[in-house]
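For reference, the structure is listed below as structure tokens.
Here is how names work: the chains are called A, B, and so on, in the same order as the sequence lines, proteins then strands, and each is numbered from 1.
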Amino acid sequence: MSKIPIAIADCNSFYASCERSMNPNLKNKAIVVLSNNDGVIIALNKEAKDLGIKNFSPYFQVENIIKYNDVKVFSANFSLYDEISKKVMNIFKEYSPNVEVYSVDEAFIKLDGFERLGITNYCHKLRQDVLNRTSIPISIGIANTKTLSKLANRLVKKDESYEGVLNLMDFDNIDHFLKITEIGDIWGIGRRYQKMLNSYGIKTALDLINMNDKWVRSKMTVVGLRTVQELRGFPTIPMNYSRANKKMIMYSRSFGHKLENIKDLEETLAYFTCRAAERMRNQSSAANYLTIYLRTSSFDKNIKRVASDYTIKLPTPTEITSELIYYAREALYKIFKENTPYSKAGILLSGLMPIYETQQNMFDVLDRTKHAKVVKAMDIINKKFGTDTIKSATLGVNRPWTQKQNRLSDNSLHNKEKNIYSESTISFLT
DNA sequence: TCTGGGGTCCTAGGACCC
DNA sequence: TCTGGGGTCCTAGGACCC
């Protein structure tokens with residue numbers, strides 16, 4: 001059987017490239033993008049890396065480098081990034097009917113059927129096309145397994161002479177590429193496994209493929225074994241075209257400043273619950289479990305570290321915001337401690353199931369059909385006019401947890417066009 | 001002063017049943 | 001008194017990903 005080429009196309013420094021694509025003056029400028037709380041760097045382009053800035057550095061630690069070198073700084077603007085992501089993915093789909101969108105900035109593309117055009121050339125063309133039409137530079141790795149194409153993709157980013165595309169299927173023997181890939185750079189091998197494998201003297205991808213299957217299985221479960229087989233050129237991780245519904249939905253944020261007052265936390269969690277419930281209804285799911293968690297800062301040495309959570313099994317699976325808020329509050333009261341400077345909270349909705357499969361409990365005190373209609377109407381209005389145009393009264397107006405986000409790029413055109421930032425949303429973002 | 005957010009899959013072990 | 005053995009479901013925790 002002939003081997004099927006799979007490409008992974010990945011946008012370079014995606015968020016930074018997006019900001020640059022909106023503003024041509026940023027060409028050749030170092031750019032960093034900050035997390036939701038303007039706390040850490042979550043994206044940076046090559047120019048910024050060359051200055052010695054590292055991803056996930058707290059902003060204050062690199063502030064001097066940034067000021068001294070006139071690095072451009074942006075608060076993350078995820079709706080903009082989603083928009084550009086869609087454009088890029090749509091171009092991929094023009095080049096193959098079989099595209100698996102793997103994350104906001106990368107996709108696997110199955111390329112069987114295009115061999116006569118020359119797979120490597122075809123991908124060079126795709127890359128140029130994306131650059132011309134979106135200003136987003138991408139890198140493409142190609143192989144006959146996902147893990148090998150990821151490996152090729154890494155190598156592309158390290159070596160400019162590939163001009164953005166490396167096809168391992170162009171080589172009879174790929175040992176060289178396996179040998180220059182460190183164990184921790186393999187897709188599917190994280191820090192823990194890296195450490196473990198290193199302790200056995202296994203340093204490169206080539207070392208790993210020579211290990212015995214049983215040994216791998218016992219040390220790294222079937223997941224690790226699949227990775228090894230893929231590195232050997234046997235596909236074991238299938239393409240996954242349709243993104244299934246989420247099995248759990250989380251909403252959590254760090255606060256702009258610490259919260260100690262239970263009323264503030266109540267309001268905060270009500271807001272978080274509201275957002276999580278919206279996402280859940282978006283995929284027509286209802287939750288069986290609700291978990292609340294609270295954290296103090298893990299960086300502040302002067303206070304006792306607190307990380308508590310509490311899970312409630314809901315009496316009936318539900319997607320109704322007001323009901324979820326009620327239980328979120330109950331969970332909060334279980335774990336809240338006085339005189340504790342909480343810095344982060346979150347809600348997790350799990351045990352998700354399709355709404356239509358939920359069964360009415362005969363002794364239910366709520367008229368679910370009626371409530372369901374109300375939340376549905378709220379979703380429609382909020383989608384149209386912006387987050388929180390209509391909202392539950394519990395949410396209050398204070399936004400005690402408000403985040404800092406001082407450096408949103410002025411993409412007013414984008415915002416107006418999509419009507420994504422309503423007045424109320426802006427007030428909570430800024 | 002300021003330290004991200006949101007997911008997936010697998011396994012072991014306990015509860016419970018026959 | 002004996003404390004087997006197979007099966008299922010659930011959950012916590014550990015690993016990973018972007």
Determine, using ring centers only, whether A:Phe255 and A:Tyr342 are less than 6.0 Å apart. no

Salt-bridged, A:Asp50 to A:Lys46, with N to O below 4.0 Å? yes

Tell me, yes or no, whether the heavy-atom count around A:Glu182 atom CD, taken from other residues, nucleotides or ligands under 6.0 Å, exceeds 12. no

Smallest separation among heavy atoms of A:Ala152 and A:Leu168, with atom names: CB-CG, 3.9 Å

Bounded by its outermost nucleotides with an atom under 4.0 Å from a heavy atom of chain A, the footprint on DNA chain C reads C:dT11 to C:dC18

Measuring from atom OG of A:Ser139 to atom CZ of A:Arg127, what distance do you get when rounded to the nearest 0.5 angstrom? 6.5 Å

Given DNA chain B, 5'-ward residue of the pair A:Lys344 and A:Lys258, judged by closest heavy atom: A:Lys258

A quick test of your reading: do over 12 heavy atoms of other residues, nucleotides or ligands sit less than 6.0 Å from CG of A:Asn132? yes

Could you label the plane-to-plane angle of the A:Tyr102 and A:Phe108 rings as parallel, tilted or perpendicular, counting under 30° as parallel and over 60° as perpendicular? perpendicular

Flag for A:Asn37-A:Ser35: side-chain donor and acceptor within less than 3.5 Å: no

Are A:Asp129 and A:Arg133 close enough for a salt bridge, meaning some N to O gap below 4.0 Å? yes

Is it the case that atom CD in A:Glu160 sees more than 12 heavy atoms from other parts of the structure closer than 6.0 Å? no

The reported gap from CZ in A:Arg20 to CD1 in A:Ile136 (rounded to nearest 0.5 angstrom) is 9.5 Å

What does the 5'-to-3' dot-bracket notation of DNA chain C look like when only Watson-Crick and G-U wobble pairs under 3.5 Å count, and pairs to other strands show as |? ....||||||||||||||

Salt bridge flag under 4.0 Å for residues A:Glu106 and A:Lys150: yes

Using a cut-off of strictly less than 4.0 Å between a heavy atom of the residue and any atom of DNA chain B, enumerate the qualifying residues of residues 205-228 of chain A by number. A:Arg217, A:Thr221, A:Val222, A:Val223, A:Arg226

With a 4.0 Å cut-off on heavy atoms, is A:Tyr289 in touch with a base, just the backbone sugar-phosphate, or nothing at all? sugar-phosphate

Shortest non-hydrogen contact from A:Met239 to A:Asn98? CE-O, 3.8 Å

Across the strands shown, which category fits A:Arg279 at heavy-atom distances under 4.0 angstrom: base, sugar-phosphate, nothing? sugar-phosphate

May I ask you to list the residues of residues 48-67 of chain A, by number, that have any heavy atom positioned under 4.0 Å from an atom of DNA chain B? A:Phe56, A:Pro58, A:Phe60

At under 4.0 Å between heavy atoms, what does A:Ile347 touch on the DNA or RNA strands: base, sugar-phosphate, or nothing? nothing

Over all heavy atoms of both residues, which pair between A:Val101 and A:Ala107 is shortest? Give the atoms and the distance, please. CA-CB, 4.1 Å

How would you label the contact of A:Ile189 with the nucleic acid (heavy atoms, under 4.0 Å): base, sugar-phosphate, or nothing? sugar-phosphate

Within-4.5 Å side-chain heavy-atom neighbours: A:Tyr356 and A:Ser284: no

Closest contact, heavy atoms only, A:Val88 versus A:Cys11: CG1-SG, 4.1 Å

Suppose you measure atom C1' in B:dC16 against the same atom in C:dG4; what distance do you get, rounded to whole Å? 16 Å

Of the residues in residues 94-111 of chain A, which ones touch DNA chain C at a heavy-atom distance under 4.0 Å? A:Tyr102, A:Ser103, A:Asp105, A:Glu106

Below 4.0 angstrom, which residues in residues 299-310 of chain A have at least one non-hydrogen atom near DNA chain C? none

Determine, for A:Asp185 against A:Lys158, whether the closest basic-nitrogen to carboxylate-oxygen distance falls under 4.0 angstrom. yes

Closer than 4.0 angstrom, basic N to acidic O: yes or no for A:Asp159 and A:Lys157? no

